[in-house]
Amino acid sequence: MYFIEWYPRGYGVAFKVKEKLFETQSRYQRIEIYETEGFGKLLVLEGTVQLVEQGEESYHEPLVHPALLAHPNPRKVLIIGGGDGGTLREVLKHKTVEKAVMVEIDEMVVEISKIYLGIDRGAFDDPRAEVIIGDGVEFVKNTREKFDIIIVDSTDPVGPAKQLFSEEFYKTAYNALNDNGILITQAGSVYLFTNELLDAHKAMKSAFDKVYYFSFPVIGYASPWSFLIGVKGNIDFAKIDLKRAEGLELIYYDPEKHETLFQMPKYVRDLLEGKLNL
């Protein structure tokens, strides 16, 4: 028995599975949980792999720690999406964080993740955590709170999630950040969502003072996977606080080799920097 996620151009990522543990249709999407042969449980939303139990840190660590370590004092963090709890867990590893707000549109993802996955490892019960069930785009648009970090942990930059990669969203997110702030988002497969990455990069450049990009190999995804960073104010994302990295107990992201994040295939870098056209 197999589960296969098909990407554009006939490329697929497959897992051998022992059994399907759960399936339902929520108000927003189809949710499935599988038990794989070699990677523990597999969470699938609308036919797309969200995470595998053994290796999910390869996504959550680079999504969270580079941004929090680059910010001089990240106290308030906003997470858009992230209903499985992995991003919240990694954010709360940081002692500087006083409040982490997670806005997830689909309550069923949160509840099913608690029952079948448990990768939050207690993060949902942390007194610093606030979980809001609602539309992240609307929350950012209407909130009066200011955040040091905004993390967009959404589905791929296609379909319904596309507005989370729009110029309009990035401008409202910019306004929701403190004077020195960082927004980081996953931005899809470098090779297979190149157009979407370019569009999101262009939209982010129109809203933020500085924009960075990097890639990371993520287990279960069509790697390398891309990440985009928008900086408000005077923060150098290329430099991090290694002292604050001590004791974080990381598996995949290596703060001492932070500079290696910025590896990107030459033609993609040339596209992003406007030296080459598709």
Side-chain angles (χ1 to χ4, degrees), residues 5-13 48 58-59 61-71 80 149-159 161-175 177 179-240 252-278:
E5 177 183 352
W6 290 108
Y7 283 81
R9 294 157 56 192
Y11 187 98
V13 174
T48 65
S58 65
Y59 168 74
E61 288 183 4
L63 181 65
V64 170
H65 299 294
L68 268 78
L69 292 172
H71 193 285
I80 304 297
I149 307 280
I150 297 176
I151 301 171
V152 181
D153 181 6
S154 72
T155 51
D156 297 336
V158 292
K162 199 162 186 178
Q163 60 183 325
L164 287 166
F165 300 86
S166 67
E167 181 178 336
E168 180 184 2
F169 173 73
Y170 289 142
K171 286 181 176 178
T172 58
Y174 183 94
N175 292 332
L177 287 167
D179 290 342
N180 278 320
I182 297 173
L183 179 142
I184 184 165
T185 180
Q186 69 89 11
S189 171
V190 170
Y191 295 131
L192 301 175
F193 290 149
T194 308
N195 284 329
E196 289 79 7
L197 171 60
L198 294 173
D199 290 344
H201 181 260
K202 181 179 179 181
M204 190 176 279
K205 285 188 73 174
S206 71
F208 283 87
D209 301 331
K210 289 180 281 187
V211 174
Y212 298 80
Y213 52 84
F214 69 84
S215 64
F216 203 86
V218 176
I219 295 172
Y221 295 4
S223 293
W225 208 251
S226 64
F227 297 81
L228 288 172
I229 303 91
V231 171
K232 178 180 181 179
N234 188 29
I235 295 174
D236 184 355
F237 184 77
K239 296 179 181 178
I240 61 167
Y252 293 94
Y253 166 62
D254 185 352
E256 292 185 9
K257 299 294 182 182
H258 179 74
E259 71 279 1
T260 64
L261 284 181
F262 303 102
Q263 171 62 34
M264 189 68 81
K266 185 179 185 303
Y267 82 95
V268 178
R269 179 169 59 83
D270 287 345
L271 287 167
L272 288 163
E273 295 178 2
K275 299 175 183 177
L276 181 69
N277 295 314
L278 280 176

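Sequence positions, counted from 1, serve as the residue numbers for this chain.
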*Would you find a donor on one side and an acceptor on the other, under 3.5 Å apart, between the side chain of Lys210 and the backbone of Val231?*
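No.
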*Spell out, as yes or no, whether a donor-acceptor pair under 3.5 Å connects the side chain of Asn180 to the backbone of Asn234.*
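A pair under 3.5 Å: yes.
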Quick one: are [X] and [Y] in side-chain contact, heavy atoms under 4.5 Å?
X      : Y      : answer
Ser189 : Trp225 : yes
Met204 : Phe165 : no
Tyr11  : Tyr191 : no
Tyr252 : Val218 : no
Asp236 : Tyr212 : yes
Leu164 : Thr185 : no

First locate atom [atom1] of [X], then atom [atom2] of [Y], and finally report the distance between them rounded to the nearest 0.5 Å.
X      : Y      : atom1 : atom2 : value
Asp254 : Glu61  : CG    : CD    : 10.0 Å
Ile151 : Gln186 : CD1   : CD    : 12.5 Å
Phe237 : His258 : CZ    : NE2   : 5.0 Å
Ile235 : His71  : CD1   : NE2   : 4.5 Å
Lys162 : Glu196 : NZ    : CD    : 6.0 Å

Exercise answer: donor-acceptor pairs, residues 271-278 side-chain atoms, under 3.5 Å, sequence neighbours excluded:
| residue | atom | partner | partner atom | Å |
| --- | --- | --- | --- | --- |
| Glu273 | OE1 | Lys275 | NZ | 3.3 |
| Glu273 | OE2 | Tyr213 | OH | 2.8 |

*Verdict with supporting geometry, Ser58 and Tyr221, side chain to side chain contact (heavy atoms under 4.5 Å, CB included)*: CA-CA 10 Å; Ser58 65; Tyr221 295 4; over 6 Å; no
*asked:* Among residues at least two apart in sequence or on other chains, which ones pass ring pair (Phe, Tyr, Trp, His ring centres under 6.0 Å) with Phe216?
replied: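 Scan of Phe216 (ring pair (Phe, Tyr, Trp, His ring centres under 6.0 Å), adjacent residues dropped) gives none.
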*Looking at residues at least two apart in the chain, or sitting in another chain, which of them share a ring pair (Phe, Tyr, Trp, His ring centres under 6.0 Å) with Phe169?*
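By the ring pair (Phe, Tyr, Trp, His ring centres under 6.0 Å) rule, Phe169 matches no residue at all.
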Write down the atom of [X], the atom of [Y], and the distance for their closest heavy-atom approach.
X      : Y      : result
Ala203 : Ser166 : CB-C, 3.9 Å
Ile240 : Pro255 : CD1-O, 3.4 Å
Val13  : Gly220 : CG1-O, 3.5 Å

*Take atom NZ of Lys205 as the centre, draw a 6.0 Å sphere, and report whether it contains more than 12 heavy atoms from other residues, nucleotides or ligands.*
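Counting neighbours around NZ of Lys205, 12 or fewer heavy atoms of other residues, nucleotides or ligands fall under 6.0 Å, so no.
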*asked:* Out of the candidates Ile182, Leu177, Ile184, only one should pair with Ile150 under the side-chain contact (heavy atoms from CB on, under 4.5 Å) rule; please name it.
replied: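 It is Leu177, the one option of Ile182, Leu177, Ile184 that forms the side-chain contact (heavy atoms from CB on, under 4.5 Å) with Ile150.
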_For a side chain to side chain contact (heavy atoms under 4.5 Å, CB included) check, start with the C-alpha distance between Phe208 and Ile229, then their side-chain angles and the critical distance, and finish with the verdict._
CA-CA 9 Å; Phe208 283 87; Ile229 303 91; over 6 Å; no
Less than 3.5 Å apart, which donor and acceptor atoms pair up between the side chains of residues 62-70 and the rest of the protein, not counting sequence neighbours?
| residue | atom | partner | partner atom | Å |
| --- | --- | --- | --- | --- |
| His65 | ND1 | His94 | NE2 | 2.8 |
| His65 | NE2 | Glu90 | OE1 | 2.5 |

Show the atom names and distances, to 0.1 Å, of all donor-acceptor pairs under 3.5 Å that link a side chain in residues 259-269 to residues at least two apart or in another chain.
| residue | atom | partner | partner atom | Å |
| --- | --- | --- | --- | --- |
| Thr260 | OG1 | Lys257 | O | 2.6 |
| Lys266 | NZ | Asp270 | OD2 | 2.7 |

*Any idea how Phe227 and Phe214 line up, ring-wise: parallel (<30°), tilted (30 to 60°), or perpendicular (>60°)?*
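Rings of Phe227 and Phe214: parallel, under 30°.
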*Name all residues meeting the side-chain contact (heavy atoms from CB on, under 4.5 Å) criterion together with Ser226; count only those two or more places apart in sequence or in a different chain, and write none if there are none.*
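Once residues adjacent in sequence are excluded, the partners of Ser226 under the side-chain contact (heavy atoms from CB on, under 4.5 Å) criterion are Ala187, Val190, Leu197.
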